[in-house]
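Accompanying notes for the structure given below.
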Number of protein chains: 2
Amino acid sequence: MKQLKISEAVVRRLPVYLQVLNELTMREVHTVSSQELGRKLNLNPAQIRKDLAYFGEFGRKGIGYDVDYLIEKIRQILNLDKTHYAALIGAGNLGHALCNYNSYIRDDVQITAVFDANPNKIGTTINGLTVQPMEALSEQIRSQGIRIGIITVPASEAQNVANELVSAGVDGILNFAPAILKVPDEVRIHHANFTTELLSLAYYIENERLERDE
Amino acid sequence: MKQLKISEAVVRRLPVYLQVLNELTMREVHTVSSQELGRKLNLNPAQIRKDLAYFGEFGRKGIGYDVDYLIEKIRQILNLDKTHYAALIGAGNLGHALCNYNSYIRDDVQITAVFDANPNKIGTTINGLTVQPMEALSEQIRSQGIRIGIITVPASEAQNVANELVSAGVDGILNFAPAILKVPDEVRIHHANFTTELLSLAYYIENERLERDE
DNA sequence: TAGATTGTTAATCGATTAACAATC
DNA sequence: TAGATTGTTAATCGATTAACAATC
């Protein structure tokens with residue numbers, strides 16, 4: 001498998017490919033062309049071929065891609081053929097939603113520990129996991145080999161939680177709080193901030209209407 | 001205010017600027033330079049200046065930007081100086097989380113109606129809003145002038161819900177379900193799919209470790 | 001063989017960054 | 001005046017798309 005420097009844009013599209021490919025398997029579709037994928041994803045077929053070709057030759061000329069084989073390959077590229085363990089901090093509604101979703105759907109990323117600062121929540125159960133106090137964070141992360149932290153606390157707490165996760169030694173953080181967090185270079189941080197999506201939607205709703213009215 | 005065609009990348013950064021600027025006001029910081037903003041956001045100062053300059057001259061040479069004035073201007077650009085009404089479909093944990101967050105924090109985008117297909121949920125209250133049956137969707141959207149739909153149902157239902165929203169006449173959809181939805185060109189759809197972020201995180205965690213070990 | 005579709009190179013397009021005159 | 005910082009043009013960089021030989 002080739003390993004040049006892969007652009008972020010490519011890496012972010014791979015999970016989306018995976019999503020569509022999984023749908024295809026469920027519908028017992030076994031072969032797909034870049035054109036077909038492009039239609040489903042609103043992407044240029046050449047882009048899809050190029051994205052995949054960074055990692056190897058996965059298709060067959062004249063035929064297309066074998067869906068199951070491609071799923072396997074993309075999962076390998078994303079390192080999803082091993083399980084990643086994650087800790088979730090913040091047992092609110094969003095935390096609940098993620099735990100539920102996670103336990104039913106994903107086996108490649110598993111939330112195995114939940115923490116909260118609120119004494120009333122400690123000891124309660126979410127999806128089979130007992131909510132633990134923040135004091136237990138560091139020890140649990142180390143002993144369970146957890147490498148991902150998921151932050152679902154209010155914005156005001158988020159940086160503190162990130163700091164604790166970093167010193168406990170996680171390699172990646174997925175932050176849902178509406179705040180830009182500072183972490184050392186060697187820790188990867190992704191922001192899943194729906195406010196951004198919601199507010200940019202407001203821009204387009206008005207402005208596209210204007211364009212049409214012209 | 002100039003109105004060329006603005007790139008998506010720029011529009012997506014504006015809400016992030018807003019976030020940081022709001023933080024600054026709360027800390028009673030009244031002036032900020034592009035350099036300072038760039039440090040906070042991990043962005044090139046030139047890019048920030050260029051982004052803002054698309055819409056007008058908001059800064060003062062030698063001084064920087066007035067925080068409150070810039071907030072006001074960005075809010076105008078994003079059309080946040082009027083309230084946008086939104087309907088949320090899917091009263092699960094994620095729906096709860098969004099309603100709560102929304103009612104406390106945002107007044108520019110207001111969720112004013114909640115729907116669910118599950119009869120057990122209908123009539124229950126989320127944050128002061130009574131959960132309504134799907135049959136009421138179209139009428140409510142029209143009578144309340146709702147233009148945004150927020151989808152928090154399972155992936156299998158998401159396309160159907162999107163179709164109903166479109167025929168009820170919304171202009172924009174924010175989709176949280178892990179599925180690519182098809183909507184007509186004149187409807188704007190944004191995907192807030194954290195699975196993408198989580199899985200691409202798995203890629204970087206392993207691959208950056210490899211890079212460091214080399 | 002004819003039709004389809006990949007992998008890949010070259011061309012295009014767009015976005016980011018550097019540089020600097022203008023000016024507070 | 002000297003220092004700082006904007007707005008903007010030009011240069012660079014990177015990502016997308018078109019085109020096509022290879023081949024199933």
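What you see is a predicted model, and the numbers here were worked out from it, not measured in a lab. Note on naming: letters A, B, ... go to the chains in the order of the sequence lines (proteins, then strands), and numbering restarts at 1 for each one.
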Using only side-chain N and O atoms of B:Ser34, determine if any of them is under 4.0 Å from OP1 or OP2 of D:dT6.
yes
Side-chain donor-acceptor contact under 3.5 Å, A:Thr83 with A:Gln110:
no
Are any non-hydrogen side-chain atoms of B:Leu201 and A:Ile148 less than 4.5 angstrom apart?
yes
Give a yes or no answer on whether the side chain of B:Ser200 reaches the backbone of A:Val11 with a donor-acceptor pair at less than 3.5 Å.
no
What's the CZ-C1' distance between A:Phe58 and C:dG7, to the nearest Å?
12 Å
Please report, rounded to the nearest Å, how far the P atom of D:dT9 is from the CD atom of B:Glu57.
11 Å
Taking the nucleotide of DNA chain D with the nearest heavy atom to each, does A:Lys61 or B:Gly62 sit closer to the 5' end?
B:Gly62
What distance do A:Asn79 atom CG and B:Asn207 atom CG have between them, rounded to the nearest 0.5 Å?
5.0 Å
Taking side-chain hydrogen bond (donor to acceptor under 3.5 Å, both in side chains) as the definition, give me every residue that meets it alongside A:Asn93, ordered by chain and number, with sequence neighbours left out.
none
Taking atom P of D:dG7 as reference, at what distance in whole Å does atom CZ of B:Phe55 sit?
13 Å
Specify the separation, in whole Å, of atom CD of A:Glu36 and atom P of C:dA4.
15 Å
How long is the line joining CG of A:Leu37 and C1' of C:dT6, in whole Å?
13 Å
Got a sec, which pairs hit ring pair (Phe, Tyr, Trp, His ring centres under 6.0 Å) with one end in residues 137-187 of chain B, sequence neighbours left out?
A:Phe194-B:Phe176
A:Arg39 CZ - C:dT5 P separation (whole Å):
12 Å
Output every pair passing side chain to side chain donor-acceptor pair (under 3.5 Å) with a member in residues 35-48 of chain B, not counting sequence neighbours, ordered by first then second residue.
A:Lys182-B:Asn42, B:Glu36-B:Arg39
Report, one pair per line, the protein and nucleotides 13-20 of chain C atoms (nitrogen or oxygen only) whose separation is under 3.5 Å.
from, atom 1, to, atom 2, distance (Å)
C:dT16, OP1, B:Arg13, NH1, 3.1
C:dT16, OP1, B:Gln47, NE2, 3.4
C:dT16, OP2, B:Arg13, NH2, 3.1
C:dT16, OP2, B:Gln47, NE2, 3.1
C:dT16, O5', B:Gln47, NE2, 2.7
C:dA18, OP2, B:Asn44, ND2, 3.3
C:dA19, N6, B:Arg49, NH2, 3.2

So, for B:Arg142 and B:Ser167, which heavy atoms are closest and what is the spacing to 0.1 Å?
NH2-O, 3.2 Å
Starting at atom CG of A:Asp66, determine the distance to atom P of C:dT5, rounded to an integer number of angstrom.
15 Å
Bracket string, DNA chain C, 5' to 3' - pairs by Watson-Crick or G-U geometry under 3.5 Å, | interstrand
..||||||||||||||||||||||
With sequence neighbours left out, write down each residue that passes side-chain contact (heavy atoms from CB on, under 4.5 Å) with B:Val114, or none if nothing qualifies.
B:Leu88, B:Ala91, B:Cys99, B:Ile111, B:Ile126, B:Leu129, B:Val131
